[in-house]
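For reference, positions follow the sequence shown, starting with 1. Values below: every heavy atom of this structure, side chains too, minus hydrogens, waters and symmetry copies. Just so it is clear, the model here is predicted, and its values are computed rather than measured.
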Amino acid sequence: VTISGNHKKNGNTNNVCLNEYTFLVVPNGKTLDETARIGVILPFGICVFTGSLTGKATADNFISDDVEYVVVLNDNGEATLVAREKKPLTAESISVTIPAQTYKGSAFPSMIS
C-alpha cells in the first residue's frame, strides 16, 4: 500500500487508522524524508505501530490524530503512540508578551504602581 496525498472525505482528513497487530513498514532501501508526515490513529490507544523503522524514518514523520497522544521512538527505534504528558497549568508555566501601547487619558488608581 502506498500512502500519498492528504485526501478529504466529507471535510475530514483521511489518514492511517491501524487495527490491532497491524504495522506500518518502510520497505528496505527506502526512507521517509524530513518533509514526510503521516497522521496515525489507533483505536486501541498506546502501542508500537511500525516495524523495521530504524534508520528509515523519525518520530517527526508521524503525527497522532488524537491530541491525547504523541509519537515517540521506543528503545528499538520503532514509532510508538504514547499518552501526552499532562502538566498542571500554573502561573509559572504561563508566559504572556504584551506589545507596548500608548495610553492617552487619565490614569485610574489601578493603573498606578
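A donor-acceptor pair under 3.5 Å is absent between the side-chain atoms of Arg37 and the main chain of Phe62, judged by distance alone. The main-chain N or O of Glu78 is found under 3.5 Å from a side-chain atom of Thr80 such that the two form a donor-acceptor pair.
Of all heavy-atom pairs spanning Lys56 and Lys30, the tightest one is CG-O, 3.6 Å. Contact record, Ser64 with Leu81: CB-CD1, 3.7 Å, taken as the closest heavy-atom pair. Residues Val40 and Phe49 approach most closely at CG2-CE1, 3.8 Å, considering heavy atoms.
The SG atom of Cys47 sits 7.0 Å away from the CZ atom of Phe23 when rounded to the nearest 0.5 Å. One distance of note links CG of Leu73 with OG1 of Thr50; it measures 7.5 Å at 0.5 Å rounding.
The hydrophobic clustering, which links ILVMFWY residues whose side-chain heavy atoms are closer than 4.5 Å, places Leu53 and Val48 apart.
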Item to check | Residue pair Tyr69, Ile41: steps toward the side chain to side chain contact (heavy atoms under 4.5 Å, CB included) verdict | outcome: CA-CA 9 Å; Tyr69 299 95; Ile41 191 164; over 6 Å; no
Item to check | Evaluation steps, side chain to side chain donor-acceptor pair (under 3.5 Å), between Thr35 and Asp33 | outcome: CA-CA 5 Å; Thr35 64; Asp33 70 24; 2.6 Å; yes
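Remark: Asn76 engages no residue in a side chain to side chain donor-acceptor pair (under 3.5 Å) (not counting sequence neighbours).
Of the candidates Val26, Thr58, Leu24, Asp60, Leu32 forms a side-chain contact (heavy atoms from CB on, under 4.5 Å) with just one, namely Val26.
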